[in-house]
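Just so you know, these numbers use all the heavy atoms, side chains as well, and skip hydrogens, waters and symmetry mates.
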Amino acid sequence: MPDNYFYEPANGHGLAHDPFKAIVGPRPIGWISTVDLQGRVNLAPYSFFNAMSSFPPILCFSSERASDTLANARDTGEFVYNFAPAALARIISDTSTPVPRGVSEMEMAGLEAAPCHIVKAPRVAASPASMECKVLKIERLVGLDGKESLATLIIGQVVGVHIDKTYLKDGRFDTAAAQPLMRCGYLSDYAVINEMIKIKRPTEIPEDWPYERPLKKS
């Protein structure tokens with residue numbers, strides 16, 4: 001058995017840097033665009049982001065501060081997820097700049113906005129894919145001790161999908177060609193997916209299964 005380092009987060013990790021985000025990584029980046037009630041555009045990347053359901057399609061992300069994205073999603077009930085490609089890595093990072101409310105990070109970064117079909121917020125035209133979402137729930141996370149976390153969870157259902165046809169091959173979205181930028185553990189650490197591997201998913205228990213086989217239903 002390898003030498004094991006153990007710690008309880010409530011008591012501190014005892015390391016030079018917190019390993020939590022490095023262990024849970026790489027993580028997809030939710031590049032989220034919203035508008036406020038005045039129609040002003042906001043764009044920001046979120047590394048606490050992922051898909052939660054396919055039927056219906058549901059996404060979620062969390063904000064660890066009182067962000068404009070959070071306020072806009074709460075006020076309008078809408079947001080847009082934009083696929084974050086490695087080709088725009090520097091620009092994606094730039095859109096995390098803390099600017100005054102009402103300043104458009106999309107405009108600041110020189111990104112072209114494209115209209116959505118269902119929600120009011122625009123999507124990033126240069127993104128390989130975007131998903132229009134309607135908010136299902138916004139909830140402040142709470143720990144075991146009953147105290148509120150810094151994070152607020154935003155859950156949304158996908159109501160519209162845009163895909164750049166460049167990345168459609170044989171009816172599939174070519175993830176490797178789109179090269180998603182992924183967030184890793186420490187301040188400036190990112191990863192890029194540019195290769196896919198295939199592992200066949202088992203459909204039945206193999207004949208050489210070494211454990212007790214479940215009873216077949218009659």
Side-chain angles (χ1 to χ4, degrees), residues 26-51 57-136 138 150-164 166-167 173 175 178-184 187-193:
R27 301 180 306 283
I29 295 173
W31 204 15
I32 308 296
S33 53
T34 56
V35 292
D36 64 14
L37 294 175
Q38 287 73 48
R40 296 176 298 183
V41 176
N42 183 268
L43 176 66
Y46 287 85
S47 69
F48 286 144
F49 164 85
N50 221 313
I58 294 175
L59 304 178
C60 74
F61 67 98
S62 72
S63 178
E64 292 193 311
R65 59 186 179 85
S67 66
D68 293 344
T69 303
L70 172 58
N72 293 348
R74 179 180 284 124
D75 290 345
T76 66
E78 301 175 344
F79 66 88
V80 180
Y81 156 64
N82 301 280
F83 184 102
L88 299 179
R90 179 70 265 170
I91 291 175
I92 292 165
S93 179
D94 287 347
T95 59
S96 68
T97 303
V99 296
R101 183 165 174 77
V103 174
S104 171
E105 293 86 353
M106 196 177 293
E107 184 177 337
M108 180 187 72
L111 291 165
E112 180 185 351
C116 284
H117 291 330
I118 299 172
V119 306
K120 293 180 180 178
R123 57 192 173 87
V124 176
S127 177
S130 298
M131 296 184 179
E132 304 180 28
C133 300
K134 294 277 191 177
V135 172
L136 292 172
I138 296 179
L150 293 174
T152 300
L153 182 68
I154 301 96
I155 304 173
Q157 182 169 328
V158 178
V159 294
V161 180
H162 303 260
I163 302 174
D164 182 339
T166 303
Y167 301 101
F173 179 76
T175 306
Q179 294 195 323
L181 184 69
M182 312 288 283
R183 195 69 172 90
C184 293
L187 190 60
S188 301
D189 294 344
Y190 292 82
V192 178
I193 291 181

Is the closest side-chain heavy-atom distance between [X] and [Y] below 4.5 Å?
X: S130; Y: E132; answer: no
X: R183; Y: P26; answer: no
X: V124; Y: L43; answer: yes
X: H162; Y: R123; answer: yes
X: D36; Y: D68; answer: no
X: R27; Y: N50; answer: no
X: P128; Y: P85; answer: yes
X: M182; Y: V192; answer: no

Is it the case that [X] and [Y] place a side-chain donor and acceptor less than 3.5 Å from each other?
X: S127; Y: W31; result: no
X: S104; Y: N42; result: no
X: T69; Y: Y46; result: yes

Report task. Begin from the C-alpha positions of M106 and S33 and carry the test side-chain contact (heavy atoms from CB on, under 4.5 Å) through to its verdict. Result -> CA-CA 8 Å; M106 196 177 293; S33 53; 4.1 Å; yes
Query raised in the report: How long is the gap from CD1 on I32 to CG on L59, to the nearest 0.5 Å?
Result: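 If I round to the nearest 0.5 Å, the distance is 7.5 Å.
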Query raised in the report: If you measure from OG on S62 to CD1 on I138, what distance do you get to the nearest 0.5 Å?
Result: 12.5 Å
Query raised in the report: Is L37 atom CG crowded by more than 12 heavy atoms from other residues, nucleotides or ligands, each under 6.0 Å away?
Result: yes
Query raised in the report: Is the CD atom of E112 crowded by more than 12 outside heavy atoms at less than 6.0 Å?
Result: no
Requested in this report: Tell me, with the steps shown, if I58 and L136 meet side-chain contact (heavy atoms from CB on, under 4.5 Å).
Outcome: CA-CA 9 Å; I58 294 175; L136 292 172; 3.8 Å; yes
Query - Those residues that, when tested against F49, pass ring pair (Phe, Tyr, Trp, His ring centres under 6.0 Å) (two or more places apart) - result: Y81
Report task. Start with the C-alpha gap between Y167 and F83, add the side-chain angles, then the distance that decides, and say whether ring-ring contact (aromatic ring centres under 6.0 Å, His included) holds. Result -> CA-CA 12 Å; Y167 301 101; F83 184 102; 7.7 Å; no
